2 protein chains.
Amino acid sequence: MKEQTNKKNYESLKLGNQLCFPLYACAKEIVRQYRTPLAVLNLTYTQYIVMMVLWEHGSMTEGELGRIVHLDSGTLAPLLKRLEKQGYISRTRPASNERQLVIALTKTGEALKETALSVPEAMSECIDLPREDLLELKRLLDKALSRMDSKQANK
Amino acid sequence: MKEQTNKKNYESLKLGNQLCFPLYACAKEIVRQYRTPLAVLNLTYTQYIVMMVLWEHGSMTEGELGRIVHLDSGTLAPLLKRLEKQGYISRTRPASNERQLVIALTKTGEALKETALSVPEAMSECIDLPREDLLELKRLLDKALSRMDSKQANK
DNA sequence: CGCAGTATAATTGTGCACAATCTTTTATTC
DNA sequence: GAATAAAAGATTGTGCACAATTATACTGCG
């Protein structure tokens with residue numbers, strides 16, 4: 001009675017049954033594929049998404065930026081310093097609140113937006129799935145992400 | 001005639017229109033959520049997927065392992081050394097081919113499989129989506145990944 | 001046999017990711 | 001208005017990721 005059946009169910013530990021693994025592997029692979037088109041702009045993928053946020057919304061604090069791109073100060077602080085060094089952004093502490101760090105595009109950074117148009121174009125056929133699958137994939141991922149965000153928010 | 005219309009279409013550079021971003025953010029978030037259950041086993045997420053492959057398939061070379069988990073020697077070499085230090089795996093060069101590095105589970109590593117059953121259980125309700133969405137998401141990601149693999153293979 | 005070429009990992013260098021901690025500034029409360 | 005608390009970033013430490021290079025072992029061919 002005490003003895004358990006030896007035939008345990010290890011199915012849940014098989015790689016093929018994981019949802020997370022293809023998610024993780026796909027994300028890595030696509031980020032890797034961004035490298036070539038982004039090399040032209042001298043940006044990494046993470047730097048690119050930061051630039052995209054600034055192109056779309058203009059200047060904001062590091063904290064606001066971090067909330068949008070899901071990165072904390074430990075990642076953003078050095079990354080933003082590198083972008084500043086490249087001349088794409090400025091980092092300034094407003095007199096109104098010297099704790100904050102306001103990130104703004106420089107002229108060069110703003111101008112880079114033009115060149116950046118080549119990136120989504122080059123990447124457009126990167127994921128080799130029919131258009132309807134791509135849309136469905138995006139829908140599900142956005143949904144999952146927004147639920148995680150709201151879970152994050154009320155803790 | 002030479003002058004182009006100033007109203008450029010920057011839609012493709014908005015974060016909300018990217019497929020890659022939610023993929024990237026979701027993957028990070030889920031890997032982050034693995035931390036707590038994996039802390040019990042003293043494993044990182046990447047170490048965990050390596051262990052899963054070994055639990056399922058037994059020993060293999062570093063190269064074979066890398067092909068399965070999509071990681072190269074630059075990542076695996078130090079990771080495997082850490083797993084060896086923890087006593088979960090052994091790293092040996094077979095006499096038949098001393099270039100290769102055969103990775104095998106130790107008794108401790110094999111036994112860890114039992115404890116590891118708690119991980120998928122703890123994670124099961126991590127992505128807050130209805131079951132059918134999860135299945136669809138997995139299907140699409142597996143599809144995308146396998147196409148990338150085959151593209152990789154014939155180059 | 002000798003050596004050219006290939007296979008297999010290890011190493012190096014740069015950057016991301018994040019938990020934990022520390023620092024400085026602002027806000028609150030008595 | 002001084003003590004305390006909270007906010008906003010910076011720093012530190014560990015580990016992953018990957019391109020590029022290097023080191024060593026094997027393989028095949030003359």
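Per chain, numbering begins at 1; letters A, B, ... match sequence-line order. Since this is a predicted model, take the numbers as computed values, not measurements.
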Of the options D:dC18, D:dA8, D:dT11, whose atoms approach the side-chain atoms of A:Gln100 most closely? D:dA8
Are B:Glu64 and B:Arg67 close enough, and set up right, to give a salt bridge (Lys or Arg N to Asp or Glu O under 4.0 Å), and what steps lead you there? CA-CA 5 Å; B:Glu64 291 169 328; B:Arg67 253 163 272 136; 5.6 Å; no
Closest approach to the side chain of A:Thr75, judged atom by atom: which nucleotide of C:dT11, C:dC18, D:dG9 is it? C:dC18
Let me know the distance between CD of A:Glu98 and P of D:dA10, rounded to the nearest Å. 13 Å
For atom CG of A:Leu101 and atom P of C:dT26, their distance in whole Å: 14 Å
May I have the distance from A:Asp72 (atom CG) to D:dA10 (atom P), rounded to whole angstrom? 11 Å
Using a cut-off of strictly less than 4.0 Å, decide whether A:Lys81 has a side-chain nitrogen or oxygen near OP1 or OP2 of D:dT11. yes
Ignoring hydrogens and angles, are the base of D:dA10 and the side chain of A:Ser73 linked by a donor-acceptor pair under 3.5 Å? yes
I need the CG-P distance between B:Asn42 and D:dT14, as an integer number of Å. 14 Å
Looking across every strand, which nucleic acid part, if any, lies under 4.0 Å from A:Gly63 by heavy atom: base, sugar-phosphate, or nothing? sugar-phosphate
May I have the distance from B:Glu64 (atom CD) to C:dA7 (atom P), rounded to whole angstrom? 15 Å
hbond_proxy A:Arg99 side chain to D:dA7 base (donor-acceptor, 3.5 Å cutoff): yes
Should B:Thr46 be listed as having a side-chain N or O under 4.0 Å from OP1 or OP2 of D:dG15? no
When rounded to whole Å, the CD to P distance for the pair B:Glu62 and C:dA7 reads 16 Å
Base, sugar-phosphate, or nothing: which does B:Asn97 touch, judged by heavy atoms less than 4.0 Å apart? sugar-phosphate
Could you please spell out the steps behind the salt bridge (Lys or Arg N to Asp or Glu O under 4.0 Å) verdict for A:Lys14 and A:Glu11? CA-CA 5 Å; A:Lys14 289 189 180 171; A:Glu11 287 300 308; 2.9 Å; yes
Can you classify the ring geometry of B:Tyr48 versus B:Tyr34 as parallel (below 30°), tilted (30 to 60°) or perpendicular (above 60°)? tilted
Students often get this wrong, so: under 4.0 angstrom with heavy atoms, is A:Leu79 touching a base, only sugar-phosphate, or nothing? sugar-phosphate
Which of the following nucleotides, D:dA10, D:dG15, D:dG9, is nearest to the side chain of B:Gln47? D:dG15
How close or far is atom P of D:dC18 from atom CZ of A:Arg35, stated in whole angstroms? 8 Å
Derivation and outcome, salt bridge (Lys or Arg N to Asp or Glu O under 4.0 Å), residues B:Glu84 and B:Lys81: CA-CA 5 Å; B:Glu84 183 185 41; B:Lys81 282 183 188 171; over 6 Å; no
Grab the CG-P distance between B:Leu65 and C:dA10 for me, whole Å please. 12 Å
Indicate whether OP1 or OP2 belonging to C:dG15 is found under 4.0 Å from a side-chain N or O atom of A:Lys85. no
Between B:Tyr24 and C:dA17, is there a side-chain N or O to OP1/OP2 distance below 4.0 Å? yes
Check whether any side-chain nitrogen or oxygen of A:Arg32 sits under 4.0 Å from OP1 or OP2 of D:dA19, and answer yes or no. yes
Can A:Ser12 and B:Glu121 be counted as having a side-chain donor-acceptor contact under 3.5 angstrom? no
Closest to the 5' end of DNA chain D, once A:Arg67 and A:Lys28 are matched to their nearest nucleotides, is A:Arg67
Base, sugar-phosphate alone, or nothing: which one does A:Leu76 contact when heavy atoms must sit under 4.0 Å apart? nothing
Could you check whether the rings of A:Tyr24 and B:Tyr45 sit parallel, tilted or perpendicular, using 30° and 60° as the cut-offs? perpendicular
